[in-house]
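Here is the structure we will look at.
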Amino acid sequence: MTPISPPEPFTVTTLEGAAAGHDPGLQPDELIHAYRTLLTVRAFDEVCMKLQRSGRIGFSIPNRGIEAVSVGAASALDKSDWIFPSYRDFGMALYHGVRPLEMMHNMFGNGADAAKGRQMSVHFSFVEPLHFVSISSPIGTHLPQAVGAARAFQMRGEDRVCLASFGDGGTSSLGFHSALNFAGVWRAPVIFLCQNNGWAISCPSAKQTASESYAVKAQAYGIEGVLVEGNDLLAVREATRQAVERARSGGGATLIEARTYRMGGHSTSDDPKRYVPAAELEAWECKDPVRWFERYLAGVELWDEGLRERLEAEVMAEVDGAAKEAEQTPAPGLETIFSDVYRDLPTHLRRQGQESFEMAQRLGDPAAGDGAFPL
Amino acid sequence: MTTRTLIQAVNDGLRSAMRADDSVLVFGEDVGPKGGVFLATEGLTEEFGEQRCFDTPLSEDGIIGTAVGMAMNGLRPVAEIQFQDFIFPAFDQIVSEAAKLRYRSGGQYSAPMVIRTPYGGGIRGGLYHSQSGEAYFCHTPGLKVVIPSTPADAKGLLLAAIADPDPVLFLEPKALYRTVKGDVPDDDQPVSLSSLRVVRQGSDVTVFCYGAMVPVASGAAEAAAEKGISVNVIDLRTLLPLDEEGVLAEARKTGRVVTVHEAPRFCGYGAEISALIAENAIEYMEAPVRRVAGFDTPFPNTLEHHYIPDQRRVLDAIEEVYNF
């Protein structure tokens with residue numbers, strides 16, 4: 001059998017930053033906003049790494065290397081659209097105006113956290129300024145949900161779409177199959193964004209699929225499939241923009257495979273040196289998405305070193321300040337263990353809550369764990 | 001009032017809910033023009049169109065996963081799983097998603113939805129068309145688990161489940177679909193969830209049961225009455241959240257308790273009732289709680305009548321606790 005050569009990923013800008021007259025559909029201030037978001041993601045990662053290493057938070061998920069996928073895709077969405085994110089997509093939330101402080105509250109699991117400290121860190125949930133749907137740790141479960149939410153838009157005749165994001169490992173999940181299959185049959189206004197960053201924790205793509213690409217899987221479901229260079233922000237934006245347009249105009253779903261590379265561990269608890277070949281890292285280092293976008297911006301005369309320094313200082317101050325404030329924010333109250341299980345508190349939970357308060361009064365607070373997480 | 005079978009009452013409940021609220025959708029495998037393999041959804045596509053009552057691909061994970069997405073985005077999905085035995089591919093969506101969404105999002109998102117599915121034996125369906133999996137789901141905070149045993153309750157509890165702000169697993173005793181008939185109110189009267197139903201008042205022994213075991217327990221109570229034993233039969237109706245105070249009150253009343261379910265005994269629902277009583281009402285008890293249940297084996301086909309508790313077995317347990 002002759003292997004079919006995979007197509008080259010779709011790009012908009014050359015590695016040198018030339019875009020050959022491509023209209024990104026973004027005003028200069030929007031381009032700078034995208035750039036600032038990339039820097040914010042990086043600053044957030046850096047601060048969280050320090051917080052984790054110093055034992056002040058338990059866990060974090062670094063984004064280094066993949067930032068352009070989230071930011072490029074988010075830039076093609078409206079605030080009325082819904083995002084069903086994975087845990088490596090918070091650049092999408094930042095792009096649309098979620099503040100680092102709100103995210104830091106989640107990292108510390110404090111009383112101001114939207115999820116009231118119930119989830120481990122990086123499992124964000126927002127409804128404002130756009131729906132960034134509560135993140136679940138099981139892989140792929142959010143994909144059919146995105147199709148269902150998209151079907152709701154479709155049934156009400158609304159001009160809105162859902163974007164669901166996941167990694168290469170997510171393509172092996174039951175949810176991936178169910179979601180693409182249902183989306184195909186229903187022509188649902190949904191975009192599946194596969195962030196192929198080469199690794200599912202320690203498993204490389206070759207252990208995930210025998211397909212020539214992930215994008216090609218779309219064909220079998222009767223939906224569009226696109227392979228895009230994930231480190232070229234404008235290419236991800238363009239691929240997403242086209243997919244969004246198709247979804248809004250009744251053309252159905254698209255699977256976008258954004259090929260990128262995770263330039264670090266799966267999480268703060270993971271040591272990638274145990275399995276990532278150094279040569280691969282080097283090969284991708286020259287495609288760093290932030291530097292790549294800077295070269296584009298420089299080419300259209302929107303960027304110089306001074307801008308980077310100024311914005312880096314600005315976003316670092318904001319993220320640092322957020323971390324300090326979040327750290328000082330008190331933990332959630334004991335009653336939050338029992339609320340939101342159901343809308344109305346059932347009798348047995350009211351009683352258990354009462355018992356837990358009495359026990360805490362009688363026995364004192366139980367010892368907290370050290371928060372170290374192994375994954 | 002109209003006399004209806006249990007499955008007709010389910011159909012009535014769905015129809016009423018769909019008439020009352022455009023956001024109520026019914027979908028699953030074969031539920032569209034065919035009306036479902038048991039005909040629970042008969043005529044709904046005809047009345048409401050393919051947008052409101054439709055067939056889905058053969059994927060329980062997809063059915064429940066999309067239902068969760070619809071529910072969080074303003075629709076009221078009523079999804080059917082053809083047999084409860086087939087629900088397990090969707091276990092993740094039910095247990096980790098629908099049931100936890102409100103909690104994990106701090107109340108920002110929720111999944112008000114109903115999953116209807118026929119459960120239990122008595123149709124010679126063997127291992128995979130007969131199971132009673134309620135205990136798996138009752139171990140899931142955030143979920144409600146409801147089982148009707150009469151046509152009136154089938155309609156009333158279903159209406160309440162569809163109106164409920166939280167996800168409800170609605171287990172329908174398929175053995176009773178066409179074997180019980182009863183009066184059903186013509187207008188829409190939801191039956192409040194987490195409320196017991198006293199099937200029969202009695203003073204000697206209390207039998208807690210639900211679903212297809214309710215008529216079995218009632219028959220046993222009738223037989224016990226002939227032997228001079230007065231049996232109190234309680235249909236639990238909502239297994240989660242349970243009306244614990246109600247259960248304790250009914251247990252205290254007689255001081256002798258039997259639980260009945262088709263599901264395996266070990267870690268079955270009867271164990272929870274037994275523990276609840278042991279922890280909170282032991283001083284009232286005159287005899288150990290006796291559990292009548294399916295065996296701790298997979299569900300057999302040819303010998304299913306030996307597996308499913310019947311009137312003889314329930315009566316035997318009633319006499320045992322009465323004579324203790």
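Here is the naming used below: chain letters follow the sequence lines, and residue numbers restart at 1 for every chain.
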Chain B heavy atoms under 4.5 Å from [X]: which part of the residue, side chain, backbone, both or neither?
X	result
Ser339(A)	backbone
Phe132(A)	backbone
Phe126(A)	backbone

Against chain B, residues from residues 180-187 of chain A with at least one heavy atom under 4.5 Å, in numeric order, are Asn181(A), Phe182(A), Val185(A), Trp186(A)
Listed by number, the residues in residues 108-121 of chain A that come under 4.5 Å of chain B (heavy atom to heavy atom) are Ala114(A), Ala115(A), Lys116(A), Arg118(A), Gln119(A)
- Message: Please tell me whether Thr347(A) and Glu244(B) have a donor and an acceptor in their side chains that are separated by less than 3.5 angstrom.
- Response: no
With side chains defined as the heavy atoms from C-beta onward, is the minimum distance between [X] and [Y] less than 4.5 Å?
X	Y	result
Met72(B)	Gln145(A)	yes
Arg343(A)	Ser110(B)	no
Gln108(B)	Ser134(A)	no
Thr336(A)	Tyr103(B)	no
Ser125(A)	Arg104(B)	no
His131(A)	Asn73(B)	no

Look only at the side chain of Tyr342(A) and the backbone of Pro141(B), and say whether a donor-acceptor pair between them is shorter than 3.5 Å.
no
For [X], is the [atom1] atom crowded, meaning more than 12 foreign heavy atoms sit under 6.0 Å from it?
X	atom1	answer
Arg156(A)	CZ	yes
Tyr136(B)	OH	no
Gln352(A)	CD	yes
Tyr128(B)	OH	no
Glu335(A)	CD	yes
Gln82(B)	CD	yes

All heavy atoms of Pro138(A) vs all of Asp92(B), minimum pair found to be CB-OD2, 4.1 Å
Highest number of heavy-atom pairs under 4.5 Å with chain A among Lys144(B), Met70(B), Arg102(B), Lys100(B) belongs to Arg102(B)
Heaviest contributor of heavy-atom pairs below 4.5 Å to chain A, chosen from Asp243(B), Asp22(B), Leu101(B), Leu25(B), is Leu25(B)
Applying ring-ring contact (aromatic ring centres under 6.0 Å, His included) to Tyr284(B) and not counting sequence neighbours gives none
Among Val147(A), Thr141(A), Leu349(A), Leu143(A), the residue with the most heavy-atom pairs under 4.5 Å to chain B is Thr141(A)
By residue number, those in residues 49-68 of chain B with heavy atoms under 4.5 Å from heavy atoms of chain A are Glu50(B), Gln51(B), Phe54(B), Thr56(B), Pro57(B), Ser59(B), Asp61(B), Gly62(B), Ile63(B), Gly65(B), Thr66(B), Val68(B)
